[in-house]
2 protein chains.
Amino acid sequence: MHSVSEENYIKAIFHLQDGKMLVSTNEIAGRMNTKASSVTDMLKKLSDKKLAEYIPYKGARLTENGVRCANQIIRKHRLWEVFLVEKLDFSWDEVHEIAEQLEHIQSQKLIDQLDKHLDFPKKDPHGDPIPDSNGNYEVINKTLLSQLKKGDKGTLVGVIDTSSNFLNYLDKHSIQLGTQIEVLEREDFDNSFTLQVNAKSLQVSQQIADNLYLKITS
Amino acid sequence: MHSVSEENYIKAIFHLQDGKMLVSTNEIAGRMNTKASSVTDMLKKLSDKKLAEYIPYKGARLTENGVRCANQIIRKHRLWEVFLVEKLDFSWDEVHEIAEQLEHIQSQKLIDQLDKHLDFPKKDPHGDPIPDSNGNYEVINKTLLSQLKKGDKGTLVGVIDTSSNFLNYLDKHSIQLGTQIEVLEREDFDNSFTLQVNAKSLQVSQQIADNLYLKITS
DNA sequence: ATTAAAGTTTAGTCTTGTCTAAAAGTATTG
DNA sequence: CAATACTTTTAGACAAGACTAAACTTTAAT
Ligand SMILES: [Mn+2]
Ligand SMILES: [Mn+2]
Ligand SMILES: [Mn+2]
Ligand SMILES: [Mn+2]
């Protein structure tokens with residue numbers, strides 16, 4: 001159907017266009033580690049295929065078809081991540097790169113059976129929702145840690161960065177999905193936080209607070 | 001490491017070179033559905049990478065390195081086939097094409113964990129042996145049905161053709177791995193056979209007899 | 001309103017893998 | 001052993017996807 005490269009661009013645009021009207025060439029290039037000129041070429045192709053609307057010098061966004069396509073790739077990515085963690089004993093920091101390959105395997109039956117084998121999971125190992133075969137998914141009520149005030153409390157329900165580096169850092173401090181987190185202090189000048197986690201206090205930088213989603217409990 | 005295309009050529013050469021000194025350009029082109037000129041190009045590349053020895057106008061064969069590489073691809077292919085049948089309820093005629101894609105996923109840990117998850121299977125759904133991580137595998141004692149004489153009996157232990165067409169034909173007659181087969185009659189002029197299978201008699205052409213491996217029991 | 005800076009596209013090149021048509025090598029056979 | 005058939009390689013082209021350098025647009029700043 002679509003090439004691996006096309007699929008990776010579709011997925012990148014989907015993630016970048018959240019909220020925004022148009023996604024810029026440079027944003028896409030940044031996320032995909034390619035050059036702007038390569039992005040321009042691909043935007044023309046996706047536009048020809050009616051997967052994206054592309055306005056030169058302005059940016060692009062996915063069409064309905066493009067969104068449908070993106071959701072199917074994301075569905076595959078996240079189901080494979082669940083498989084790797086649940087069935088093959090991978091930890092949550094090891095699965096992203098492999099899923100990045102597996103998401104491009106073409107077989108409708110494969111993904112349907114995998115979904116069934118995993119007992120129709122609703123979330124992946126990083127707390128992200130898994131679209132069903134129609135592209136629908138549960139919206140999870142969540143707030144970025146970096147937007148909380150002193151005294152706010154919550155449960156970790158998602159991470160944005162799924163790199164080994166970041167997830168290993170969380171593991172080191174026994175932070176996982178479901179962990180209770182309270183904001184003890186917030187430094188305004190550098191946006192760093194002092195948290196109460198696992199009965200200990202922990203200093204975290206803004207960069208970390210920007211990558212943790214909590215479900216507020218008070 | 002190696003591209004998908006290179007891996008597919010390596011696998012094709014491996015299967016073709018069994019016994020033979022050298023595999024010809026045309027044999028490879030035939031198996032891969034490409035043109036001879038494309039094969040020549042690839043043989044030069046594999047030769048540069050020390051994966052094959054290539055003698056222009058004569059043919060090619062894999063080096064030790066090439067064989068090692070082929071065995072790892074075959075290991076992945078067959079483990080994925082077992083996974084699809086054992087865990088995802090695929091039938092043996094549906095798995096080959098999907099495994100053809102999955103065999104190119106790059107992750108040593110993935111394949112080790114998959115092997116463990118499947119409880120270290122020794123054979124794939126078509127009766128073919130699965131190499132271990134060192135490339136070693138059990139040699140199975142087997143004879144082509146087409147080489148049997150009247151009165152010979154055996155158990156089905158393997159198939160050569162793994163296309164849906166052929167495997168569906170076997171399913172239609174309830175023939176699977178382990179099925180008892182006896183040669184009731186053999187027609188010399190067209191090499192067709194009359195078999196005793198599942199308490200019924202069955203006429204099969206040479207083409208079918210050429211694709212079934214039996215373990216002789218008398 | 002100019003000019004400078006930043007962002008984007010175009011033009012041209014490269015690599016991988018494929019193809020066709022033509023040339024060259026090998027095998028067959030009378 | 002020469003003519004013919006078959007196989008294989010070469011030469012040249014193409015498509016996908018990437019890159020660099022140059023040109024062009026848009027935005028920001030004087
Ligand atoms: Mn990917
Ligand atoms: Mn994930
Ligand atoms: Mn393959
Ligand atoms: Mn098989």
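The figures here come from the full heavy-atom set of this structure, side chains too, leaving out hydrogens, waters and symmetry mates. Proteins get letters first, then strands, A, B, ... in listed order; numbering begins at 1 in each. Source: prediction; values computed, not measured.
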OP1 or OP2 of [N] sitting under 4.0 Å from any side-chain N/O of [X]?
| X | N | result |
| --- | --- | --- |
| A:T25 | C:dT9 | yes |
| B:T40 | D:dT8 | no |
| A:K44 | C:dT10 | yes |

Between D:dT26, C:dT9, C:dT18, which one does the side chain of A:K58 approach most closely?
D:dT26
So which nucleotide from D:dT10, C:dT18, C:dT26 ends up closest to the side chain of B:Y9?
C:dT18
Let me spell it out: for each of A:S37 and A:V4, pick the nucleotide of DNA chain D with the closest heavy atom. Which residue's pick is nearer the 5' end?
A:V4
In whole angstroms, how far is the [atom2] atom of [N] from the [atom1] atom of [X]?
| X | N | atom1 | atom2 | value |
| --- | --- | --- | --- | --- |
| B:D41 | C:dT20 | CG | P | 13 Å |
| B:Y57 | C:dG25 | OH | P | 6 Å |
| A:K49 | D:dA16 | NZ | P | 8 Å |
| A:N26 | C:dT8 | CG | P | 4 Å |
| A:M42 | D:dA16 | CE | P | 10 Å |
| B:K35 | C:dA21 | NZ | C1' | 12 Å |
| B:N8 | C:dT18 | CG | C1' | 14 Å |
| A:H2 | D:dA15 | NE2 | P | 19 Å |

Determine whether a donor-acceptor pair (one donor, one acceptor, N or O, separation below 3.5 Å) exists between the side chain of B:S24 and the base of D:dT8.
no
Under 3.5 Å, is there a donor-acceptor pair between the side chain of B:S47 and the main chain of B:E53?
no
So A:S5, base contact, sugar-phosphate only, or nothing? Heavy-atom distance under 4.0 Å.
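Touches sugar-phosphate only.
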B:R68 vs B:I10, side chain to side chain contact (heavy atoms under 4.5 Å, CB included): CA-CA, chis, key distance, verdict:
CA-CA 10 Å; B:R68 224 190 316 280; B:I10 289 166; over 6 Å; no
Side chains of A:T63 and A:N65: do they bring a donor and an acceptor to under 3.5 Å?
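Side chains of A:T63 and A:N65: no pair found under 3.5 Å.
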Once you measure the plane-to-plane angle for B:F83 and A:W80, does it fall in the parallel (<30°), tilted (30-60°) or perpendicular (>60°) bin?
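Tilted.
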Give me the ring orientation class for B:H126 and B:W92: parallel if the planes are under 30° apart, tilted from 30 to 60°, perpendicular past 60°.
parallel
